[in-house]
Colleague: 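Before I ask anything, here is the structure I am working with.
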Amino acid sequence: MSELHLYNSFTRRKEKFESITPGYAGLYVCGPTVSGESHMGHARPYITFDVVQRYLKHLGYKVRYVRNITDAGHFEEEGRDAIDKVSEKALLEKLEPMEMVHKYTSMFHKGMALFNCEEPNIEPTATGHIIEQIAMIEKIIAAGYAYEINGSVYFDVPKYAENFAYGKLSGRVLEDQLETTRDLDGQDEKRNKADFALWKNAPPEHIMRWASPWGEGFPGWHIECSAMSRKYLGDKFDIHGGGMDLQFPHHESEIAQSTIANGHAPVNYWMHNNMITINGKKMGKSYNNVIKLSELFSGNHPILAQAYHPMVIRFYILQTHYRSTLDFSNEALQAAEKAFISICETRDTLAKLQFDTAKELNQELDTTLVNYINECDDFMNDDFNTARVIANLFLLKPNINSLDKGDFAKYSIKEESLNYIKSKFETYFTNILGLKPLDAAQSEKLDQVLALLIEMRKDARKRKDFAASDLIRNKLAETGVLLKDEKDGSVSYTLE
RNA sequence: GGUCGCGUAGCCGAGUGGCUAGGCAAAGCUCUGCAAAAGCUUCUACAGCGGUUCGAAUCCGCUCGCGACCUCCA
């Protein structure tokens, strides 16, 4: 039995996972900025880390999963217009900032529920932790690594770099940063281009503002995650996750701030998921190719050929390793949809499969199938390789069908092996990958209606009235219900 | 421009110094009144050029192509 190893972005190596407190695991994941509707890009990290926390729990860890909501607006400390993103949008929509933040938070939650993502244990908001952020900034100033100017506070990056490895996480050299960072307005205050804001003085038009030792203002972009992760997970915790695009400057800055405030690095393992691309380009506001979750589920977007069920998206994402880019296309999603429906059928078949005492044991088959399901543990332990787990579930498919439909007419596997495979398949499908079949409730009613039609068709076939039987089948096919005559004389159906 | 990463069969995508991942699509067979489904079989790929090695898609170098980050971003 292998042990969990994960790729640590900080060391750029796969490392054995050892939690700080045996039996407990602390996980912090950067949550969304709720200044707009969630899009397809949001699906990736939250599904990825949902599986991470599910698997940690499966391994027996007591997990505290913290995922923040950024509702104060990331301030662009090198921004052109020095306007808080959240409040700018709020003015345009003529909404109270908190009203808008509430709306998009709620939509985000609904999306996550549709993806079957378990809720984090704590979901702290930036606006709810201004006090903690101010306290942390004061510590950094006291330590001599930040300076105040005109009511704003900046982190002194070159000074930090003298004593600590600034840039290690993102593989950057400070000198390059100093040379290449572009000249932007509002830079004058900072001593160095690489410095970043801990606290920003609020201009009069800025709606979101809080009193601080440096006047009215709002927190800098990075400090919220440092303050909130420390509060709920401690000044050193196990895993910090987020999208690759956050590695620099966000996570690099988090490390710097926390290292000064806490006296040591805050995180043991950094995990970064790769991006979703559309036609080879990252999805992002600046590319104008964002597909919102609501558009994805309704199919109402020029790029989309059809609507896609949230479970199909989840399956699609898990079919690719989280550190690879995932290029979106209708073809790929349609393939994923078929594959997902197919594996759901296998799950049903397996659940109903009964041990047959009349058949003789085929030890080789027994060993192979048990091995397929056991390998899933090794794959998950190897940096959460859900793609290989799913591949092995597909390896089981033809074997399960053969055991069920009698292609393996004479032989079988041990009863205990069958029960073991049933149990583990279900654990992987439902608990670890977090999948659930499509529309379980609806299909019950359909079942009853179709049972009637199937009976009528059976009757027609008995009378050799194939015109009538084909009419039923063809008309059903037109509406997307495909009938299948099974070998044992029964009839099943699938929905297109 | 700087830094980092990627280029795998028709498509999507794992993996990796020797043992054809998997899915979708396609073809053949079996089954079947006909279909569909299912089962079996087939399609044996790793950008190009050098090098290291008994052996490279996997390691190294160069070239070409693509992307990410450097600025809000999941």
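Numbers restart at 1 for each chain; the letters A, B, ... are given by sequence-line order, proteins then strands.
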Colleague: For the base of B:G33 and the side-chain ring of A:F466, does the geometry meet a stacking cutoff of under 5.5 Å between centres and under 30° between planes?
Modeller: yes
Colleague: Taking only side-chain nitrogens and oxygens of A:S324, does any of them come within less than 4.0 Å of OP1 or OP2 of B:A14?
Modeller: yes
Colleague: Has A:K338 got a side-chain N or O lying under 4.0 Å from the OP1 or OP2 atom of B:A25?
Modeller: yes
Colleague: Under 4.0 Å between a side-chain N or O of A:N273 and OP1 or OP2 of B:A74?
Modeller: no
Colleague: Do A:F384 and A:F379 have ring centroids that are under 6.0 Å from one another?
Modeller: no
Colleague: Report yes if a side-chain nitrogen or oxygen of A:T33 is closer than 4.0 Å to either non-bridging phosphate oxygen (OP1 or OP2) of B:A74; otherwise report no.
Modeller: yes
Colleague: Have a look at A:F379 and say if it touches a base, only the backbone sugar-phosphate, or nothing, with a 4.0 Å heavy-atom cut-off.
Modeller: nothing
Colleague: Across the strands shown, which category fits A:K282 at heavy-atom distances under 4.0 angstrom: base, sugar-phosphate, nothing?
Modeller: base
Colleague: Mind checking if A:H272 touches a base, just sugar-phosphate, or nothing, with heavy atoms under 4.0 Å?
Modeller: nothing
Colleague: Whenever both distances are under 3.5 Å in a Watson-Crick or G-U wobble pair, mark it; put RNA chain B into dot-bracket that way, with [ ] for crossing pairs and | when the partner is on another strand.
Modeller: (((((((..(((.....[...))).(((((.......)))))....(((((..]....))))))))))))....
Colleague: Ignoring hydrogens and geometry beyond distance, is a side-chain donor-acceptor pair present between A:N201 and A:S152 at under 3.5 Å?
Modeller: no
Colleague: With A:V290 as reference, evaluate A:E37, A:M283, A:M40 under the side-chain contact (heavy atoms from CB on, under 4.5 Å) test and give the passing residue.
Modeller: A:M283
Colleague: Is NZ or CZ of A:R67 both nearer than 6.0 Å to the six-membered ring centre of A:Y46 and within 45° of the ring axis?
Modeller: yes
Colleague: Side chains of A:Y28 and A:N68: do they bring a donor and an acceptor to under 3.5 Å?
Modeller: yes
Colleague: Against A:C117, only a single residue in A:T48, A:D50, A:V51 fulfils side-chain contact (heavy atoms from CB on, under 4.5 Å); can you say which?
Modeller: A:D50
Colleague: Will you find, in the side chains of A:H109 and A:E123, an N or O donor that is under 3.5 Å from an N or O acceptor?
Modeller: yes
Colleague: At 4.0 Å (heavy atoms only), tell me whether A:I276 reaches a base, stays on the sugar-phosphate, or touches nothing.
Modeller: base
Colleague: Short of 4.0 Å, heavy atom to strand atom, which residues of residues 109-119 of chain A count as contacting RNA chain B?
Modeller: none
Colleague: Can you confirm whether the side chains of A:T325 and A:D327 place a donor and an acceptor under 3.5 Å from each other?
Modeller: no
Colleague: Would you say A:Y55 and A:N381 are linked by a side-chain donor-acceptor pair, where the criterion is simply a distance under 3.5 Å?
Modeller: yes
Colleague: Would you check if the distance from the ring center of A:H222 to the ring center of A:H251 is below 6.0 Å?
Modeller: no
Colleague: With sugar-phosphate meaning primed atoms plus P, OP1 and OP2, does A:K464 contact a base, only sugar-phosphate, or nothing at under 4.0 Å between heavy atoms?
Modeller: nothing
Colleague: Could you report the tightest heavy-atom contact between A:L353 and A:K422, atom names first, then the distance?
Modeller: O-NZ, 2.6 Å
Colleague: Nearest nucleotide by nearest heavy atom, which residue falls closer to the 5' end of RNA chain B, A:N385 or A:F340?
Modeller: A:N385
Colleague: Looking for any heavy atom pair under 4.0 Å, which part of the strands does A:A339 touch: base, sugar-phosphate only, or nothing?
Modeller: sugar-phosphate
Colleague: Are any protein N/O atoms closer than 3.5 Å to N/O atoms in nucleotides 34-36 of chain B? If there are, list each pair with its distance.
Modeller:
residue, atom, partner, partner atom, Å
B:C34, O2, A:R473, NH2, 2.7
B:C34, N3, A:R473, NH1, 2.9
B:C34, N3, A:R473, NH2, 3.2
B:C34, N4, A:R473, NH1, 3.4
B:C34, N4, A:D485, OD2, 3.2
B:A35, N6, A:D485, OD2, 3.1
B:A35, N3, A:R473, NH1, 3.0
B:A36, N1, A:D485, O, 3.1

Colleague: Tell me whether A:N8 contacts the main-chain N or O of A:E15 through its side chain, where contact means a donor paired with an acceptor under 3.5 Å.
Modeller: no
